[in-house]
Amino acid sequence: MAEKLESLNPATGDVVGVHTIDRVGDVDAAVARAREASTWWSELGFDGRKQVLDQWKGVLARRMHQLADLVHQETGKPHADAALEIGLSIDHLAWAAKNAEKVLGPHKVSAGLLMANQAAWVEYRPFGVIGVIGPWNYPVFTPMGSIAYALAAGNAVVYKPSEYTPGVGVWLAESLAEVVPDHPLLQTVIGYAETGSALCRAAIDKLAFTGSTATGKKVMAACAESLTPVLIEAGGKDALLVDEDADLPAAADAAIWGAFSNAGQTCAGVERVYVHERVYDEFLEEITKQAKGIHAGAHTGAHFGPMTMPAQVEVVRRHVNDALAKGARPLLGGAESVGERFVQPVVLTDVPPDSCAITEETFGPTMTVNKVRDMDEAVELANSTSYALGSTVFSRSRGPELARRIRSGMTAINSVVAFVGIPALPFGGVGDSGFGRIHGADGLKEFTYAKAIARQRVKPPMLLVSFSRTARHEAVFNQVISVLHGRASQLPKLRRHLR
Ligand code: NAD
């Protein structure tokens with residue numbers, strides 16, 4: 001008999017759903033079906049695909065609360081937070097469908113003087129079948145960042161949801177099948193690491209992974225066996241910087257949401273806060289005032305739910321205890337805040353730089369707040385991590401300047417995580433946070449390969465790539481290159497430019 005996987009409600013331990021685990025053969029069969037669907041889908045063209053995706057968008061919007069309920073059951077997050085991630089996913093799907101042709105369709109380029117007899121253009125062709133492996137923390141928004149953009153680019157998708165949220169994955173695939181019952185454009189394969197590993201080794205054309213850095217490395221190694229390209233969206237250790245001229249109540253509000261919402265289980269959540277010494281005490285007062293009453297629970301009115309993955313509770317406990325043992329001061333909560341299923345908010349100040357709470361991804365409702373003498377030090381500390389996913393800057397006068405100096409894929413200025421809700425902006429990291437981009441034009445291109453086409457319009461004045469080439473052609477060519485690129489007069493200009 002096939003083995004089963006039970007998804008559980010993390011707040012109560014109740015069984016939410018029972019799923020059959022997919023093995024290597026099942027994964028290969030799903031990919032083979034996707035291959036057939038991808039031919040039909042790619043031939044449908046941009047307009048046809050947009051019509052289908054717009055219909056799917058409608059289904060998702062009309063049944064949003066049904067899906068939110070399932071997200072709530074499998075992750076424990078409040079219904080309103082589930083609805084928020086679904087709503088944003090729908091907006092991304094709409095953007096991808098609307099903009100696919102503009103971004104990926106043929107773009108003329110100049111053929112240049114040497115090849116003036118040619119017409120030249122580039123267009124972005126779908127790979128075929130994309131494997132997507134997702135996490136549990138935003139079980140709709142995160143995988144849809146790959147799924148929606150891969151589909152809009154003309155690919156079929158085989159998706160392995162997290163073992164903690166399989167029901168949400170199945171729901172998504174079934175909702176698209178309602179619109180396109182005859183072509184399996186989006187299928188799920190269910191299981192643990194083994195199923196994910198089988199998907200990496202199946203006959204897919206690209207693998208989009210979202211999850212931890214450690215698993216990302218395994219995924220990349222498995223895909224390397226067949227030279228399958230990968231997109232890696234991994235963990236983060238995001239910093240929020242507070243300048244001396246910042247709007248402090250707004251900065252505190254953003255830090256609290258960024259650190260505690262979704263029980264801190266956000267890849268681009270706020271884990272470290274660096275505050276200018278001139279406003280440090282005032283900022284701490286704001287945090288204390290605003291964070292009062294923010295709490296975890298399963299009841300209506302709770303600000304966030306349980307830890308979705310039981311094992312993460314021990315990581316959070318270790319980070320809090322390690323920081324306190326090394327001399328950090330608790331401003332809110334402390335070791336006692338870390339319970340069995342729920343973790344109440346913890347704010348630690350003066351946290352030593354070698355604490356795990358500063359160096360490793362905590363992924364819990366905790367925040368470290370440290371004082372800096374100026375914003376140069378804030379930038380230096382923000383950058384002193386191997387992760388580089390998102391970041392936040394609160395500054396009235398220096399926002400863009402500080403944002404550019406932070407090594408991270410995205411920065412929000414004077415608000416928190418705004419970049420995720422703007423479909424035209426690419427999302428992704430640097431360093432241990434991964435590489436490649438979802439969302440926006442870059443996110444569409446990620447699921448395509450660039451196809452360059454040169455079409456001869458008229459015969460060239462001299463044939464350079466032919467054995468009928470003559471010595472005179474060669475001499476003319478050398479002369480043309482010398483005139484075009486060899487003028488010494490350009491050197492002083494270049495030197496001036498480099499100075
Ligand atoms: P995880 O790495 O444990 O699992 C992610 C997925 O990989 C799951 O579906 C899992 O079953 C699968 N998997 C596990 N081992 C595998 C293997 N050997 N081969 C193939 N697949 C395998 O991560 P998680 O706990 O589900 O998610 C939390 C992590 O995800 C955090 O680190 C968080 O920062 C990160 N995350 C990143 C982003 C982003 O966009 N950068 C978004 C959300 C979450």
Side-chain angles (χ1 to χ4, degrees), residues 5 7 10 19 21-22 24 27 74-75 85 88-89 92 131-147 149 158-166 168-169 188-202 204 207-225 228 230-238 262-271 307-313 315-316 360-364 385-390 408-410 417 419-420 426-439 443 446:
L5 181 161
S7 84
H19 302 262
I21 294 180
D22 288 302
V24 175
V27 174
E74 285 199 323
T75 64
E85 74 165 287
L88 290 177
S89 308
H92 274 278
V132 174
I133 296 180
W136 44 265
N137 59 339
Y138 290 89
V140 177
F141 186 74
T142 291
M144 282 294 279
S146 294
I147 294 169
Y149 287 79
V158 178
Y159 169 42
K160 193 206 94 62
S162 164
E163 51 272 37
Y164 292 96
T165 52
V168 174
T188 47
V189 288
I190 302 298
Y192 301 92
E194 237 176 69
T195 309
S197 168
L199 184 56
C200 295
R201 293 186 166 91
I204 53 170
L207 193 288
F209 169 80
T210 308
S212 64
T213 306
T215 309
K217 290 177 186 175
K218 290 184 196 161
V219 161
M220 201 172 161
C223 289
E225 291 169 14
T228 301
V230 289
L231 158 70
I232 304 284
E233 295 286 355
K237 189 73 196 169
D238 291 6
N262 205 32
Q265 305 165 119
T266 304
C267 53
V270 173
E271 299 214 352
M307 300 300 287
T308 304
M309 191 170 66
Q312 198 64 26
V313 175
V315 176
V316 178
E360 295 173 26
E361 185 181 44
T362 306
F363 226 54
T385 158
S386 56
Y387 290 111
L389 190 57
S408 71
M410 299 79 57
V417 295
F419 41 77
V420 301
F427 183 97
V430 190
D432 278 354
S433 293
F435 52 84
R437 292 293 181 267
I438 54 171
H439 302 171
E446 195 69 47

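In what follows, residues are counted from 1 in the order of the sequence shown. Remember, it's 1-based here, ligands and their atoms both numbered in the order they're listed.
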S.K.: Side chain, backbone, both or neither: which part of Q265 has a heavy atom under 4.0 Å from ligand 1?
M.R.: neither

S.K.: Closest non-hydrogen protein atom to atom 40 (O) of ligand 1, residue and atom name please, with distance?
M.R.: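 Checked against all protein heavy atoms, atom 40 (O) of ligand 1 sits closest to F427 CE2, 3.2 Å.
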
S.K.: Can we say E225 and R201 salt-bridge, meaning some charged N sits less than 4.0 Å from an Asp/Glu carboxylate O?
M.R.: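 A salt bridge links E225 with R201.
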
S.K.: Do D238 and V270 have side chains that get closer than 4.5 Å, going by heavy atoms?
M.R.: no

S.K.: Under 6.0 Å from the CE atom of M309, do we count more than 12 heavy atoms belonging to anything else shown?
M.R.: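 Atom CE in M309 is packed in, count exceeds 12.
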
S.K.: Would you mind checking which non-hydrogen protein atom is closest to atom 42 (C) of ligand 1, with the distance to 0.1 Å?
M.R.: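 Checked against all protein heavy atoms, atom 42 (C) of ligand 1 sits closest to C267 SG, 3.0 Å.
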
S.K.: Measuring centre to centre across the rings, with the benzene-like ring taken for any Trp, is F141 within less than 6.0 Å of W136?
M.R.: no

S.K.: Does any N or O of ligand 1 fall below 3.5 Å from an N or O anywhere on S212, backbone included?
M.R.: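 Looking only at distances, the answer is yes, because the N/O contact criterion of under 3.5 Å is met.
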
S.K.: Does any part of the side chain of K217, heavy atoms only, come nearer than 4.5 Å to the side chain of V219, both counted from C-beta?
M.R.: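 No; the side chains remain at least 4.5 Å from each other.
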
S.K.: F209 heavy atoms, cut-off 4.0 Å: which ligand 1 atoms fall inside?
M.R.: 2 (O), 5 (C), 6 (C), 7 (O)

S.K.: Below 4.0 Å from ligand 1: does a non-hydrogen atom of Y164 turn up there or not?
M.R.: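 For ligand 1, residue contact (heavy atoms, under 4.0 Å) with Y164 is absent.
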
S.K.: Please write down residue, atom name and distance for the protein heavy atom closest to atom 17 (C) of ligand 1.
M.R.: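 Nearest neighbour among protein heavy atoms for atom 17 (C) of ligand 1, to 0.1 Å: A193 O, 3.8 Å.
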
S.K.: Return yes or no for this condition: an N or O of Y192 is under 3.5 Å from an N or O of ligand 1.
M.R.: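 Min N/O separation from ligand 1 is not below 3.5 Å for Y192.
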
S.K.: Can you tell me which residue and heavy atom of the protein come closest to atom 11 (O) of ligand 1, and the distance to 0.1 Å?
M.R.: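 Looking only at protein heavy atoms, the one closest to atom 11 (O) of ligand 1 is E163 OE1, 2.6 Å.
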
S.K.: Short list, please: which atoms of ligand 1 are under 4.0 Å from a heavy atom of I133?
M.R.: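 Matching atoms, with element in brackets: 6 (C), 7 (O), 9 (O), 12 (C), 20 (C), 21 (N).
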
S.K.: Backbone or side chain, does any N or O of K160 fall under 3.5 Å from an N or O of ligand 1?
M.R.: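 Yes - when backbone and side-chain N and O of K160 are compared with those of ligand 1, one distance drops under 3.5 Å.
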
S.K.: Could you state the interatomic distance from OG1 (T362) to CD (E360), rounded to the nearest 0.5 Å?
M.R.: 7.5 Å

S.K.: Just need the protein heavy atom nearest to atom 18 (N) of ligand 1, so name the residue and atom and give the distance.
M.R.: K218 CD, 3.8 Å

S.K.: Do any nitrogen or oxygen atoms of T210 lie less than 3.5 angstrom from nitrogen or oxygen atoms of ligand 1?
M.R.: no

S.K.: Are side-chain heavy atoms of Y159 and I147 found at a separation under 4.5 Å?
M.R.: yes

S.K.: Can you check whether F363 reaches V316 side chain to side chain, under 4.5 Å on heavy atoms?
M.R.: no

S.K.: Are V132 and K160 packed together at the side-chain level, in the sense that at least one heavy-atom pair is separated by less than 4.5 angstrom?
M.R.: no

S.K.: Within the structure, does T215 bring an N/O atom to less than 3.5 angstrom of an N/O atom in ligand 1?
M.R.: yes

S.K.: Which ligand 1 atoms does S162 reach within 4.0 Å, using its non-hydrogen atoms?
M.R.: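 The atoms of ligand 1 under 4.0 Å from a heavy atom of S162 are 9 (O).
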
S.K.: At less than 4.0 angstrom from any non-hydrogen atom of N137, what atoms of ligand 1 do you find?
M.R.: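 Matching atoms, with element in brackets: 43 (C), 44 (C).
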
S.K.: Could you check atom 24 (P) of ligand 1 against the protein and tell me its nearest heavy-atom contact, residue, atom and distance included?
M.R.: W136 NE1, 3.3 Å

S.K.: Tell me which protein heavy atom sits closest to atom 6 (C) of ligand 1, plus the residue, atom name and distance to 0.1 Å.
M.R.: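 Checked against all protein heavy atoms, atom 6 (C) of ligand 1 sits closest to G134 O, 3.4 Å.
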
S.K.: Has ligand 1 got any nitrogen or oxygen that is less than 3.5 angstrom from a nitrogen or oxygen of T213?
M.R.: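 No; the residue has no nitrogen or oxygen that sits under 3.5 Å from a nitrogen or oxygen of the ligand.
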
S.K.: Taking E361 first and then K237, would you say they form a salt bridge - that is, a charged N and a carboxylate O separated by under 4.0 Å?
M.R.: no

S.K.: With a cutoff of 4.0 Å, is G429 in contact with ligand 1, counting heavy atoms of the residue only?
M.R.: no

S.K.: Below 4.5 Å, heavy atoms only, C-beta onward: do E74 and S7 meet side chain to side chain?
M.R.: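 In short, these two side chains touch, coming nearer than 4.5 Å.
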
S.K.: Measure centre to centre between the rings of F427 and H92, then say whether the value is under 6.0 Å.
M.R.: no

S.K.: Non-hydrogen atoms of Y138 versus ligand 1: any pair closer than 4.0 Å?
M.R.: no

S.K.: Looking at atom 34 (O) of ligand 1, what's its closest protein heavy atom, distance included?
M.R.: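 Protein heavy atom at minimum distance: E361 OE2, 2.6 Å.
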
S.K.: For ligand 1, is any non-hydrogen atom under 4.0 Å from L389's backbone (N, CA, C, O), its side chain (CB onward), both, or neither?
M.R.: side chain

S.K.: Under 4.5 Å between any side-chain heavy atoms of T308 and N137, yes or no?
M.R.: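 A side-chain contact under 4.5 Å is absent here.
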
S.K.: Answer whether the closest heavy-atom distance between the side chains of L207 and I133 falls below 4.5 Å.
M.R.: yes

S.K.: Rounded to the nearest 0.5 Å, how far does OG1 of T213 lie from CD of E233?
M.R.: 11.0 Å

S.K.: Under 4.0 Å, heavy atoms only, figure out whether ligand 1 is touched by the backbone of L199, its side chain, both or neither.
M.R.: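 The answer is neither.
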
S.K.: Give the atoms of ligand 1, by number and element, whose distance to some non-hydrogen atom of A234 is under 4.0 Å.
M.R.: 37 (C), 38 (C), 39 (C), 41 (N)

